[in-house]
Amino acid sequence: MVLKELSKLSVPQSIYYAKELDSNDPLDRFKTEFYIPEHSIYMDGNSLGLLSKRAESALLQSMEDWKTHGINGWTDAKQPWFYMAEELGKMTAPLIGAKEEETITTGSITTNLHQMLSTFYKPNGTKTKILADSLTFPSDIYAIKAQLDLHGLQPKEHLIQVTSSDGRTINEDDIINEMTNEVSLVLLPSVLYRSGQLLDIKKITKAAHEKNIIIGFDLAHSIGVVPHELHNWGVDFAVWCTYKYLNSGPGGVGGLFVHEKHLGLKPGLAGWFGSKKDVQFDMSHDLEHAQSAGAFQIGTPHIFSMSTLNGSLEIFSEAGIHQIREKSLKLTRYLMELTSLKLHHYGFTIANPDEDLRRGGHVCLEHPEAARICKALKNNGVIPDFRSPNVIRLAPIALYTSFEDVWNVVQTLEEIMDSKEYEQFTNHRNIIA
Ligand SMILES: *Cc1c(COP(=O)(O)O)cnc(C)c1O
């Protein structure tokens, strides 16, 4: 998006307006539930969400259960470990518009992608190709290429990556045009991780099914910030992580969705935790896999890396995903408008789509000096996210970012640009960016 003309914008340039927005915010009360790093404004909740007090107590509860019950914690813990993945799946279902049995908490995005691809990708005759996009997160592409290799198929020939005309966004019609009779499976992100573009999942899914193509989505950047209707849209499968918007903590266990119509399918990667629960401990060498999404689990669930979700998902259930989306859109709109008004002459470009329907939860600013501007922001207590070579991602989080925070972030950016403070830093990324 080209920065808007000043005259088109009406947002008042005053901290009092930000405070007024906060005083009318129904989600305002959740902010005090989170540990916000001291003296900082956290704008990186789309990479690693913050710890809530409820997530902390839930983890401590699991530790306590281990202390008290030893192995009996599998059944006697407050949140019995044996059923935790299924229970958390049920709590996740409303966030993605899924039935309870279609959802399970397990694995990471990448391992779940391997599970989904090995289950759903069945190259047959000339229908062998996997369709993805050229802007997606690298791990997703690594998984696709590895799965093609396992089938003895060359990624060069069998992986099609839809290109972008502007280097930031992907046109849905370009995706649909690539859905030829040779395509067996489509894998796309719901929200593109760099630009924050939200794809039209419903429309793309319908087009895929008209061509008899299996379609799955990576919800890394939409779960917990954008509502979904995966069941009604007929999406075949989906995967996500929980350490971004769902605030489960570093390495928190992810999840997957398999549509009801596919439940009962044999998992591509089998393991004993995919078993029907009542027969798992019969220890038979013939797996009787569950008839729910639970079938796609492999080994013992990582209890300490998922129990935080018991607390965290409770917050989502109270706040409601629609209310979260509404505030998130207001926050990102406010951030974009203030940026346009106050920063337009410093060479920033807003790279995410402007329309609410096409925007995820973060704002993507581009600037040739982005790396050093991010360092200067950190030096001033604002925690952004840098994506090489020129992207500053700013994610105001509905549960713990206020409108006043957004105002202050833009003020800080303006000061850094005015004083040229960023010139004190090198324009290279750090090891983690
Ligand atoms: C964050 C992210 C990942 C990370 O995958 P993990 O297996 O959870 O490490 C993968 N894909 C996308 C689109 C992401 O945004």
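Indexing begins at 1, ligand by ligand and atom by atom, following the structure's order. Counting from 1, the numbers follow the sequence of the chain as shown.
Applying the 4.0 Å criterion to heavy atoms of A220 picks out, from ligand 1, the atoms 12 (C), 13 (C), 14 (C), 15 (O). Remark: ligand 1 atoms within the under-4.0 Å shell around heavy atoms of H221 are 15 (O). Atom numbering of ligand 1 starts at 1 in the shown order; those under 4.0 Å from a heavy atom of D140 are 10 (C), 11 (N), 12 (C). Residue contact check: T110 has heavy atoms under 4.0 Å from atoms 5 (O), 6 (P), 7 (O) of ligand 1.
Looking from atom 3 (C) of ligand 1 to the surrounding protein, the closest heavy atom is F137 CE2, 3.4 Å. Atom 8 (O) of ligand 1 has as its closest protein heavy atom Y243 OH, 2.6 Å. Ranking protein heavy atoms by distance to atom 13 (C) of ligand 1, first place goes to D218 OD2, 3.2 Å. Protein heavy atom closest to atom 15 (O) of ligand 1, with residue, atom name and distance, is K244 NZ, 2.5 Å.
In this structure, F257 has its ring center at least 6.0 angstrom away from the ring center of W240. A distance of 6.0 Å or more separates the ring centres of F217 and W233.
Using a 4.0 Å cut-off between charged side-chain N and carboxylate O, D173 and K203 make a salt bridge.
Between H231 and H259, the two ring planes are parallel [angle under 30°; tilted spans 30° to 60°]. By the 30° and 60° cut-offs, the orientation of the rings of F120 relative to F296 is parallel.
Heavy atoms of other residues, nucleotides or ligands lying less than 6.0 angstrom from NZ of K78 number 12 at most.
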